[in-house]
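Below: the structure, in structure tokens.
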Amino acid sequence: DHRDLHSFPTRRSSDLPGLILLTMAAKQAKQERIFLFSSESVNEGHPDKICDQVSDAVLDACLAVDPKCKVACETATKDNMVMVAGEISTTATLDYEKLVRDAVHSIGYDSFVDDMSSVDSKGLSNKTCEVLVRINKQSPDIAGGVHVGKDEMDVGAGDQGIMFGYASDETEDCMPLTHSVATKLGKVLTDVRKNGSLWWLRPDGKTQVTIEYKQKADGSVEPLKIHTVVISTQHAEPLKAVRSKECAGYTGPEMTAPSMEDMNKSLEKDVIRATLESIKLKNGATALSLYGDHTHLHLNPSGKFIIGGPQGDAGLTGRKIIIDTYGGWGAHGGGAFSGKDPTKVDRSAAYICRQMAKSVVKGGLSKRCLVQLSYAIGVAKPLSLFVETYGTECGGLTPDDITNVLKIEFDCRPGAIAQSLALREPKYKVTAAYCHFGRQPYTENGIKFFEWENHKDLTKYAPMSSEQVGAALVGSNYLTKYVD
């Protein structure tokens, strides 16, 4: 009988099992669907990313000398000018002009011609750019409320705010595949430019990826195929630019830039395919297995892209917050990361939210996880902790149980976050391009990079009941760490 369930006038108790199954099937059919989702990214030469990297270069210079420094550094750039502004209290002596020029040079901006018709101008020059500095000290009102006279674990949040972390089991590193591909396309664009294999590329560039997903009945998502790839990258003048002039210091055989058609063929082979081959899915295959004739390509769809960098668009710190995080998946509290020391919970709490979400997924507690924290200025304990699992919980634990697990295992006071993630080290400029998350953690010269990507082992909680988790919470010291 395929009448609607509501049309049955009466139901006997013996009908209930069948009705329950019908209801479950209807719910499952409603939840399972195919959809398209897109994420974008920009590479390190984008004007906004120049600013993020300069702000974090300033932060690193402070932390290298003064681990307890207080830094809030913003950067703006337009044409051949870079300005740093903000509030910094530190014992370090900073050469702002050198920091700016070194950051610009490391990105690859070494020429500026004040003429929009010039094919030689990359959009910014590390040698000739104007550097403006507008820096003063942290407000004594803020300092007194946040950290002055307080023990390490009592240092308050540098401001109020909400922060999120997200993880999904669709990839090995628990990042959403759309954003992972978009981000890594930008990184490979930079790598092949700097290693000389595609020497005619210039620093500015953007990527965007659309993937067809299946949302399963349990709330998890599975990438089915790569639907569209968009790459817009700055480049030298086709068929005219020569390598000796385009690449400072090059002394090898002379070469001429290829045609736009050949440039696009190189992008497909040396950037798109190479990137997809490097990304591993949860089934062990690479993302290249989702790419093929069905994939739509838009490579430099506007035509030529010779004028770029700050000459093409102004840049500001903190204007790429979705690119810095999860590409539109999960949620975002609105606070930017770059140029902020660890007392600024916009940054440090977002880092530990990612570690918590990734730990939940890697621990087998759920297949997707979103974690939120909130803070008040001057208050050490977070005001709230929220967990969303999108219905993907594994085993007998509920989202409330998983929230309690995180209260047991993680201390989210700013001082504790700074200690557990080693955040008072000079290591932030490398985070300022190509996403703060989904990066490979490593240690170099004793400094721990991307420590928040090292998940905690929560597998012991997977077989527990709600009662057992509740008992563990009562027996823990969570009230010293959270407002409850």
Side-chain angles (χ1 to χ4, degrees), residues 52 55-56 59-60 62-63 67-74 86-89 138-139 141-148 150-167 317-318 320-322 324-326 330-359 370-387 403 406-407 409-425 427-428 431-432 435-437 450-453 478 480-484:
D52 286 341
S55 291
D56 272 338
L59 173 62
D60 283 347
C62 294
L63 288 168
K68 297 293 183 68
C69 62
K70 302 297 179 287
V71 178
C73 180
E74 314 292 345
E87 302 77 46
I88 297 179
S89 296
Q138 183 186 51
S139 159
D141 293 348
I142 295 175
V146 171
H147 62 88
V148 172
K150 294 185 178 182
D151 293 335
E152 180 78 3
M153 291 302 145
D154 294 325
V155 168
D159 202 351
Q160 70 176 50
I162 56 175
M163 304 84 205
F164 292 91
Y166 179 76
T317 297
K320 290 292 175 279
I321 59 175
I322 300 302
D324 283 341
T325 52
Y326 308 103
H332 201 295
F337 296 160
S338 290
K340 296 178 179 178
D341 74 82
T343 64
K344 278 67 170 177
V345 284
D346 278 340
R347 183 174 215 160
S348 55
Y351 286 172
I352 203 162
C353 280
R354 163 63 177 171
Q355 188 184 44
M356 288 193 284
K358 187 175 182 180
S359 297
L370 177 72
V371 176
Q372 185 206 49
L373 287 169
S374 70
Y375 292 85
I377 187 169
V379 179
K381 294 180 183 179
L383 308 183
S384 64
L385 171 65
F386 168 76
V387 174
T403 304
L406 296 183
K407 286 183 177 181
E409 291 291 333
F410 291 88
D411 190 339
C412 297
R413 292 174 291 175
I417 299 172
Q419 280 190 0
S420 65
L421 301 183
L423 296 183
R424 293 196 180 93
E425 300 174 339
K427 58 183 177 186
Y428 292 102
T431 71
C435 194
H436 294 245
F437 307 123
F450 303 102
E451 182 66 15
W452 47 91
E453 289 297 317
Y478 80 100
T480 67
K481 302 181 288 185
Y482 293 92
V483 173
D484 198 59

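Tyr375 approaches Ala380 most closely through the heavy-atom pair CE2-O, 4.0 Å. Looking at every heavy atom in both residues, Ser359 comes nearest to Gln355 through OG-O, 2.7 Å. The two atoms that bring Leu59 and Arg347 nearest to each other are CD2-NH1, 3.4 Å, heavy atoms only. Shortest non-hydrogen contact noted between Gly165 and Tyr326 is CA-OH, 3.5 Å. Annotation for Pro342 and Ala418: closest pair CB-CB, 4.1 Å, computed over non-hydrogen atoms.
Between Trp452 and Tyr351, the angle of the ring planes stays under 30°, which puts this pair in the parallel group of the 30/60° scheme.
Ser420 meets the side-chain hydrogen bond (donor to acceptor under 3.5 Å, both in side chains) test with no other residue; sequence neighbours excluded. Residues forming a ring pair (Phe, Tyr, Trp, His ring centres under 6.0 Å) with Phe410 (at least two apart in sequence, or on another chain): none.
By the 4.0 Å N-to-carboxylate-O rule, Lys344 lies too far from Asp346 to be salt-bridged with it. Ion pairing of Lys320 with Asp52 is absent here, as no side-chain N (NZ or NE/NH1/NH2) approaches a carboxylate O to less than 4.0 Å. Between Lys340 and Asp159, no side-chain nitrogen of the basic residue sits less than 4.0 Å from a carboxylate oxygen of the acidic one, so the salt-bridge criterion is not met. With respect to the salt-bridge test (charged N to carboxylate O, under 4.0 angstrom), the residues Glu453 and Arg354 qualify.
For Thr317 (side chain) and Glu74 (main-chain N/O), no donor-acceptor pair under 3.5 Å exists by modelled atom type. Remark: side-chain polar atoms of Asp60 are paired, donor with acceptor, to backbone N or O of Lys427 under 3.5 angstrom.
Residues Leu373 and Val345 have side chains not in contact (no heavy-atom distance under 4.5 Å, counting atoms from C-beta outward). At least one side-chain heavy atom of Phe164 sits under 4.5 Å from a side-chain heavy atom of Gln372. Looking at Cys69 and Ile88, their side chains never come closer than 4.5 Å, going by heavy atoms from C-beta outward. When side chains are defined from C-beta on, Gln419 does not count as touching Asp411, because their heavy atoms never get closer than 4.5 Å. Looking at heavy atoms from C-beta onward, Thr325 lies in side-chain contact with Phe337 at the 4.5 angstrom threshold. Counting heavy atoms from C-beta on, the side chains of Cys353 and Val371 come closer than 4.5 Å. You'll find the side chain of Lys481 stays beyond 4.5 Å of the side chain of Lys407, heavy atoms only.
With 3.5 Å as the limit, one finds a donor-acceptor pair spanning the side chains of Ser374 and Ser384.
Rounding to the nearest 0.5 angstrom, the gap separating the NE2 atom in His436 from the OG1 atom in Thr431 is 4.0 Å. Between atom OG of residue Ser338 and atom OH of residue Tyr428 there is a gap of 11.0 Å, rounded to the nearest 0.5 Å. Distance SG/Cys73 to CG/Asp341: 11.5 Å, rounded to 0.5 Å. The distance from atom NE2 of His332 to atom CD1 of Ile162, rounded to the nearest 0.5 Å, is 10.0 Å. Residue Ile352 holds its CD1 atom at 11.0 Å from CZ of Arg413, rounded to the nearest 0.5 Å. Atoms CG and OG, on Leu423 and Ser348 in that order, are 6.5 Å from each other to the nearest 0.5 Å.
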